[in-house]
Student: 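One structure follows; several queries about it will come next.
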Amino acid sequence: QVQLVESGGGLVQPGGSLRLSCAASGSISSIYVMYWYRQAPGKQRELVAMFTSGGSTNYADSVKGRFTISRDNARNTVYLQMNSLKPEDTAVYYCKANIRSSDYARNDYWGQGTQVTVSS
């Protein structure tokens, strides 16, 4: 069984920073792409950032220059450093990972989500 557990959300003032973490655990053989998504109330879930196993990154236009995704392969963990936060960044943030488990099945797994609220 594979699990993803996020942490690091909370309440922050506009202009502030937060760092989210997402750790994968369980019967993991390989982790391919790791992603951060977010979903604001009444809106569809959207891709925020992604980090491939080859080291490439990609960002939504709305967060470019403010958010940075990074990855620690030894810890099976992906991070999202969020700077210059705006009220419109308020959402539940989810991580997703494309993982080959020890039984060689390859699937997408989701974390439970962590709330980020940007408000004064």
Side-chain angles (χ1 to χ4, degrees):
Q1 190 76 352
V2 174
Q3 285 188 320
L4 299 182
V5 177
E6 298 117 335
S7 61
L11 173 64
V12 63
Q13 291 187 340
S17 298
L18 281 176
R19 189 175 86 148
L20 306 182
S21 300
C22 173
S25 63
S27 303
I28 295 170
S29 176
S30 300
I31 301 179
Y32 299 98
V33 189
M34 301 188 84
Y35 309 80
W36 285 101
Y37 284 77
R38 67 186 180 187
Q39 188 166 18
K43 294 189 176 181
Q44 288 190 330
R45 192 172 296 189
E46 63 172 351
L47 177 64
V48 175
M50 60 186 292
F51 198 120
T52 71
S53 56
S56 299
T57 59
N58 199 12
Y59 297 91
D61 288 343
S62 59
V63 306
K64 281 181 182 176
R66 300 189 298 121
F67 290 11
T68 302
I69 189 171
S70 59
R71 180 169 169 171
D72 184 339
N73 291 326
R75 297 175 186 266
N76 290 340
T77 300
V78 65
Y79 305 95
L80 187 67
Q81 177 67 43
M82 304 185 294
N83 298 329
S84 302
L85 282 161
K86 304 175 181 180
E88 51 263 44
D89 295 317
T90 296
V92 178
Y93 284 71
Y94 298 89
C95 69
K96 184 178 82 170
N98 186 254
I99 294 175
R100 186 181 300 281
S101 54
S102 57
D103 63 359
Y104 300 105
R106 184 169 172 174
N107 293 292
D108 286 335
Y109 295 87
W110 289 87
Q112 81 285 358
T114 186
Q115 177 70 46
V116 171
T117 302
V118 184
S119 175
S120 55

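Starting from 1, each residue takes its place in the sequence as its number.
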Student: For residues I31 and R71, report the shortest heavy-atom separation together with the two atoms involved.
Tutor: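 In terms of heavy atoms, the two residues are closest at O-NH2, 2.8 Å.
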Student: Can you name the closest pair of heavy atoms from S119 and P14 and give their distance?
Tutor: C-CD, 3.6 Å
Student: Roughly how far, to the nearest 0.5 Å, is the OG atom of S25 from the CZ atom of R75?
Tutor: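 Between R75 CZ and S25 OG, I get 14.0 Å after rounding to 0.5 Å.
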Student: Backbone N or O of G113 within a donor-acceptor pair of the E6 side chain at under 3.5 Å?
Tutor: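 A pair under 3.5 Å: yes.
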Student: In terms of ring plane angle, is the pair Y94 and W110 parallel, tilted or perpendicular, where the classes change at 30° and 60°?
Tutor: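 Correct class here is perpendicular.
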Student: Would you name the heavy atoms of L20 and M82 that are closest together and state the gap between them?
Tutor: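 Nearest heavy atoms, L20 then M82: CG-CE, 3.7 Å.
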Student: Are any of the side-chain nitrogens in D61 or K64 under 4.0 Å away from the carboxylate oxygens of its partner?
Tutor: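 Result for this pair is yes, salt bridge flagged.
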Student: Does CZ in R106 sit with more than 12 non-hydrogen atoms of other residues, nucleotides or ligands closer than 6.0 Å?
Tutor: yes
Student: Work out which heavy atom in S101 is nearest to a heavy atom in S29; give both atom names and the distance.
Tutor: O-CB, 3.5 Å
Student: Count I, L, V, M, F, W, Y as connected when their side-chain heavy atoms are under 4.5 Å apart, and connections chain through other members. Are Y109 and V78 then in the same cluster?
Tutor: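 Yes, one cluster joins them.
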Student: Using the side chain to side chain contact (heavy atoms under 4.5 Å, CB included) definition, which of the options V116, V92, V63 pairs with R38?
Tutor: V63
Student: Using 0.5 Å steps for rounding, measure from the OG atom of S53 to the CG atom of N73.
Tutor: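 The OG atom of S53 sits 8.5 Å away from the CG atom of N73.
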Student: Do other residues, nucleotides or ligands put more than 12 heavy atoms under 6.0 Å from the CD atom of E88?
Tutor: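 Atom CD in E88 is packed in, count exceeds 12.
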Student: So which heavy atom on A24 is nearest to which on L4, and how close?
Tutor: CB-CD2, 3.3 Å
Student: How close do S17 and S84 get, counting heavy atoms only, and between which atoms?
Tutor: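 Smallest interatomic distance, heavy atoms only, reads OG-N, 4.4 Å.
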Student: For Q112, I'd like to know if atom CD has over 12 heavy atoms of other residues, nucleotides or ligands within 6.0 Å.
Tutor: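 Counting neighbours around CD of Q112, more than 12 heavy atoms of other residues, nucleotides or ligands fall under 6.0 Å, so yes.
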Student: Y32 and side chain to side chain contact (heavy atoms under 4.5 Å, CB included): which partner among D108, N98, I99?
Tutor: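 So the option named by the test is N98.
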Student: Using side-chain heavy atoms (C-beta onward) and a distance below 4.5 Å, is V48 in contact with Y35?
Tutor: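 They are not in side-chain contact.
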Student: When clusters are formed by joining ILVMFWY residues with side-chain heavy atoms under 4.5 Å apart, either directly or through shared neighbours, do M50 and Y93 land in the same one?
Tutor: no
Student: Decide side chain to side chain contact (heavy atoms under 4.5 Å, CB included) for Q115 and T90; before the verdict, give the C-alpha distance in whole Å, the side-chain angles of both, and the deciding distance to 0.1 Å.
Tutor: CA-CA 8 Å; Q115 177 70 46; T90 296; 4.0 Å; yes
